[in-house]
Number of protein chains: 2
Amino acid sequence: MFEILFEHINRKISLQEAEMEQLKTFFIPKKYRRKQYVLQQGDPCKYIVFVEKGMLRSYQVDDKGNEHIVQFAPEGWWISDSYSFLTGTPASYDIDVLEEAEVLLITQPAMEEMLQAIPAMERYMRILMQNSLISMQRRIACTLTTQAEERYLGFIAENPHIGQRVPQHMLASFLGMTPETLSRVRKQLLKKS
Amino acid sequence: MFEILFEHINRKISLQEAEMEQLKTFFIPKKYRRKQYVLQQGDPCKYIVFVEKGMLRSYQVDDKGNEHIVQFAPEGWWISDSYSFLTGTPASYDIDVLEEAEVLLITQPAMEEMLQAIPAMERYMRILMQNSLISMQRRIACTLTTQAEERYLGFIAENPHIGQRVPQHMLASFLGMTPETLSRVRKQLLKKS
DNA sequence: AAATAGGATTGATATAGATCAAGAGGGGGG
DNA sequence: CCCCCCTCTTGATCTATATCAATCCTATTT
């Protein structure tokens, strides 16, 4: 159950056997089936979630009922409403399950304890945040500068594994366009090749 | 020269006098005048910059020569091309000076040394990254879900200090719209009130 | 005071992408 | 085998925002 997490951690820092054993105690393993909610908008986000298997997504529902996908989280990714988790305010995202999933949950207090007990994890979290930040920045730069077709191409180039696995209309939402537009973009691309 | 930085750090972690003294040794203080480049696209980003006074901005120039502002950094903010800084690859942003500035620079090696010497800074950096990440996420959610007027209102509500200080066309660029559009948005808003 | 330059505004037009609406597969469950 | 649900596609419009172009304003320089 902890394989992917350990692999992920060991790629960034090195932990001793004992620390790895101890680490396990801070997490709650859990399984979710397709379409199950992990977090609902309005509830406080009690956990940060690490995905061992399957795929989750976070999304926002606007006043017109449209879903706007914020993040896909396949195995090896973390997901949460960081703001809600940190401040205890009601979450503004929903998180649910796209593919039957096995995850590891950690609460705010457990996280604090863990960082006290295993200081190297402070470094891991810092690197993790740094990397997420970088990819967010690139995503922003991308939405500011490019248009539909280029954005789509960029995404599938960088995330081939995700592109295959999610329904097209969710991809469209993630990319900030309608399903119709994405469909037309893809048709254009087929013609070209 | 270190007042703002220390204040910023002490709001998140607590350092002893000795550590604060030691901290200073890792930074290079520097002054910049208006319009001066701190980083040019194509060069590797050697420093992360903390702004003590004045204001910097990072931006990308597209193929048509249009500037797309990625970040404003007034006093108390960090700025860099994190990706370039981390990997040593050529920067994809320019960073320059909007208001005559006093800054603190830290190099990659100095940063590593610092984190070794003062482990509490690992925590500070983690929290810093976390907070930036949160605001990035909100910005993305915002560009995905809202349109021009709402985006403008959101920005000035959250960053009144910045809104006043930068030329309107840069604000427009940051918000992902043209100067003309922002001008019209503001005109609309005036009428309403 | 004239000249210059960097913003901001305003109007006319163009366009990428949204929205609305209808159909077309294509599985799985009864 | 048929029906229902879900997803994707396609076509016809609509709209927010971009683009192009001209002025205007204000501050600074000469």
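Residue numbering restarts at 1 for every chain, and letters A, B, ... go by the order of the sequence lines. All of these numbers come straight from a predicted model, not from anything done at the bench.
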To the nearest angstrom, how far is A/Glu150 atom CD from C/dG17 atom C1'?
-> 16 Å
Roughly how many Å is it from CD in B/Gln188 to P in C/dT10, rounded to a whole number?
-> 11 Å
Group every Ile, Leu, Val, Met, Phe, Trp and Tyr by side-chain heavy-atom contacts under 4.5 Å, then state whether B/Leu115 and A/Tyr124 land in the same group.
-> yes
Under 3.5 Å, is there a donor-acceptor pair between the side chain of B/Arg126 and the main chain of A/Met125?
-> no
B/Ala148, nearest nucleotide to its side chain (from D/dG11, D/dT17, D/dA18) | D/dT17
Taking only side-chain nitrogens and oxygens of A/Ser183, does any of them come within less than 4.0 Å of OP1 or OP2 of D/dT9?
-> yes
Rounded off to whole Å, could you give me the NE2-to-P distance for the A/His169 and C/dA18 pair?
-> 15 Å
Could you check how far OH of A/Tyr152 sits from C1' of D/dC8, rounded to whole Å?
-> 13 Å
Mind calculating the distance between NZ (B/Lys187) and C1' (D/dA16) to the nearest angstrom?
-> 16 Å
Sequence neighbours excluded, which residues qualify as side chain to side chain donor-acceptor pair (under 3.5 Å) partners of A/Thr146?
-> none
Check whether any side-chain N or O of A/Gln168 sits under 4.0 Å from OP1 or OP2 of D/dT9, and answer yes or no.
-> yes
Output for pair (A/Tyr93 OH, A/Ser80 OG), nearest 0.5 Å, gives 9.0 Å
Using a cut-off of less than 4.0 Å, is there contact between a side-chain N or O of A/Thr178 and OP1 or OP2 of C/dG17?
-> no
If Ile, Leu, Val, Met, Phe, Trp and Tyr residues are connected whenever their side-chain heavy atoms lie under 4.5 Å apart, and connections chain through other members, are B/Ile118 and B/Leu128 in the same group?
-> yes
Between P of D/dT10 and CZ of A/Arg184, the distance in whole Å | 9 Å
Between B/Lys35 and A/Glu149, which is nearer to the 5' end of DNA chain C once each is assigned its nearest nucleotide?
-> B/Lys35
For B/Arg34 and C/dG7, give me the distance from atom CZ to atom C1', rounded to whole Å.
-> 12 Å
Note, B/Arg139 side chain near B/Phe174 side chain (heavy atom, < 4.5 Å) | yes
Hey, is the side chain of B/Arg151 pairing donor to acceptor with the base of D/dT17 inside 3.5 Å?
-> no
Is a donor-acceptor pair below 3.5 Å formed from side chain A/Arg186 to base D/dT10, judging by atom type as modelled?
-> no
Nearest nucleotide by nearest heavy atom, which residue falls closer to the 5' end of DNA chain C, A/Glu180 or A/Thr146?
-> A/Thr146
Under 4.0 angstrom, heavy atoms only, what part of the nucleic acid is A/Gln147 near: base, sugar-phosphate, or nothing?
-> sugar-phosphate
In whole Å, what is the span from the CG atom of A/Leu182 to the C1' atom of D/dT10?
-> 14 Å
Indicate whether any N or O donor in one side chain lies under 3.5 Å from an N or O acceptor in the other, for B/Asp96 and B/Tyr32.
-> no
Measure the angle between the two terminal helix axes of the helix from C/dA1-D/dT30 to C/dG30-D/dC1, five base pairs each, and quote it to 10°.
-> 30°
